[in-house]
Amino acid sequence: MKNHVTERLPDYLTNELDRMQKAEVDSHLEECALCREEYDALLKLWTKLGTLPEEVPSQEARVRFYAMLDAYQEGAKHQRSVSGGLVAALNELVGKFWPREPVMQLAVALVLLIVGLIGGIRFTSPGQEQTELASLRNEVQMMGRLLTVSLLNQQSASERLRGVSWTNQIDQPDPQILTALMNALRYDSNVDVRLAAVDALVKFVGDPNVQSEMVDALPAQDSPLVQIALIDLMVEEGIKQSTKVMQKMSADPKINAAVKIRIEEGMKELSL
Amino acid sequence: MILVRDGDVAKLGLLFERHHGKLFNFLVRITDRRDVGEDLVQDVFFRILKYRHTFRGDAPFTAWMYQLGRNAAADHFRKWKEDPVPHEAMESNKSPEPTASDMLEHMEKNSLLHLALSRLPIEKREVLVLSRFQGMKYEEISTILNCPVGTVKARVHFALKELRDIYLNLSEEAVL
């Protein structure tokens with residue numbers, strides 16, 4: 001029997017053949033017992049696969065999703081009002097953190113103490129307003145650092161995520177914060193925390209030390225999402241020293257296909 | 001999804017209602033664990049929310065969602081490799097067994113096939129799941145897997161044949 005159709009049977013079953021190809025297979029199956037036997041076996045398997053019970057998610061999945069969505073929207077609202085100004089930031093802090101965690105209570109207490117001190121100094125030395133305001137800003141920044149480092153050491157991934165997002169409050173690169181962020185990027189077990197660390201490090205990427213740390217961290221990542229986020233950053237910032245690392249990663253046969261494509265695109269952009 | 005990307009985050013609820021069942025099915029078949037499937041669905045929708053600005057709209061939303069699902073499953077496998085969970089954990093998350101005769105029949109038919117499916121290498125299992133259970137065409141699968149249609153076609157071919165061999169071997173072992 002010529003032109004056996006066994007190679008086309010999976011496409012026949014998955015309905016990927018056009019009308020003409022299908023007719024050819026049909027007519028061959030009528031004549032060829034060998035191919036028909038193969039077809040019957042595959043059809044049996046294909047049909048049986050269809051009888052495997054469908055997996056239905058529990059109601060809890062819906063509850064968890066809407067809780068996550070609400071929390072996200074709430075968080076976004078907070079983010080907007082926090083970025084509204086210093087006073088709003090303090091309001092958010094008191095409202096959100098005071099009742100629950102000791103770390104937060106300490107931070108709020110610190111803020112109140114600082115505000116009290118500055119207020120007292122202002123009444124006694126009205127001529128030094130600018131200095132006091134700068135001092136207040138410094139103190140708030142210091143508190144942000146304290147919070148960030150504390151949160152990044154929490155067991156819960158969502159707390160660590162909050163820690164990373166707190167770094168947005170910090171304008172000046174601080175060695176302690178940078179080390180904490182780099183540690184989060186390199187060693188945190190949660191992909192979302194690592195991705196947030198990449199986002200947070202963007203504002204400090206002008207620092208050559210940060211650049212080289214990030215280049216070093218790239219091959220150590222095991223998540224394709226984090227790898228792509230880092231590669232995007234390298235390309236956007238034109239960090240040419242990353243090309244050597246990317247070349248090496250690209251040569252690795254185990255590399256994720258999407259990462260490989262991004263590396264190839266990235267290398268082109270970096271060579272321009 | 002375009003509305004979600006452009007800031008109407010509440011609309012993600014519609015996408016969740018429409019697609020989470022299918023995504024859950026895919027993830028359970030891939031990981032062979034209901035509890036992990038549920039966690040990964042949450043993970044995928046969180047990533048959709050967080051990275052919504054990266055959705056380009058040149059491919060369907062579902063393709064992007066399944067890509068995120070595959071990445072989440074890959075992360076799970078990587079972690080699981082480091083910290084394997086006993087098989088009993090998976091058993092405890094299955095639906096309650098009905099009668100003894102139902103169980104026997106299930107054991108004889110579905111479980112063997114289920115077991116055979118779980119023994120397929122992941123890259124073959126996922127094309128088969130996408131094709132048979134998600135009802136996708138090779139073209140759609142190739143978009144999700146970011147590979148040529150020919151690769152999908154070849155994987156489906158090998159997957160079906162390998163599944164049949166595994167299933168036959170298991171059936172013979174069960175008879176002995």
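Proteins get letters first, then strands, A, B, ... in listed order; numbering begins at 1 in each.
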By salt bridge (charged side-chain N to carboxylate O under 4.0 Å, His left out) - contacts of E7(A) (at least two apart): K161(B)

Residue pair F133(B), E54(A): steps toward the side chain to side chain contact (heavy atoms under 4.5 Å, CB included) verdict: CA-CA 9 Å; F133(B) 299 105; E54(A) 196 180 339; over 6 Å; no

Salt-bridge contact R64(A)-D39(B) (side-chain N to carboxylate O under 4.0 Å): yes

Region of V28(B) that comes under 4.5 Å of a non-hydrogen atom in chain A: side chain

Check: E16(A) side chain, K137(B) main-chain N or O, donor-acceptor pair, under 3.5 Å: no

Chain A contacts, top residue of E17(B), H20(B), K50(B) (heavy-atom pairs, under 4.5 Å): E17(B)

F45(B) and F65(A) aromatic ring geometry - parallel, tilted or perpendicular at 30°/60° bounds: perpendicular

Chain B contact via S189(A) - side chain, backbone, both or neither, heavy atoms under 4.5 Å: neither

Engaged part of L49(A) at the chain B interface, taking heavy atoms whose separation is under 4.5 Å: both

Any side-chain heavy-atom pair of W46(A) and S131(B) under 4.5 Å: yes

Side chain to side chain contact (heavy atoms under 4.5 Å, CB included) evaluation trace for D75(B) with D222(A): CA-CA 8 Å; D75(B) 288 339; D222(A) 53 7; 5.7 Å; no

Heavy-atom side-chain contact between T14(A) and R132(B) under 4.5 Å: no

Portion of L168(B) that has a non-hydrogen atom of chain A nearer than 4.5 angstrom: neither

Heavy-atom side-chain contact between V191(A) and N71(B) under 4.5 Å: no

Partner chain A: residue of N146(B), L145(B), L49(B), L23(B) with the largest heavy-atom pair count (under 4.5 Å): L49(B)

Step-by-step side chain to side chain contact (heavy atoms under 4.5 Å, CB included) determination, E38(A) to R164(B): CA-CA 11 Å; E38(A) 173 83 0; R164(B) 186 181 57 177; 3.1 Å; yes

Heavy-atom pair count under 4.5 Å with chain A, highest-scoring of G135(B), G21(B), G13(B), A116(B): G13(B)

Ion pair E55(A)/K22(B), N-O distance below 4.0 Å: no

Those residues of residues 147-157 of chain B, ordered by number, that approach chain A below 4.5 Å (heavy atom to heavy atom): K153(B), V156(B), H157(B)

Side chain, backbone, both or neither of D232(A) within contact of chain B (heavy atoms, under 4.5 Å): neither

Top contributor to chain A interface from Q42(B), Q67(B), R47(B) [non-hydrogen pairs under 4.5 Å]: Q42(B)

Side chain, backbone, both or neither of N15(A) within contact of chain B (heavy atoms, under 4.5 Å): both

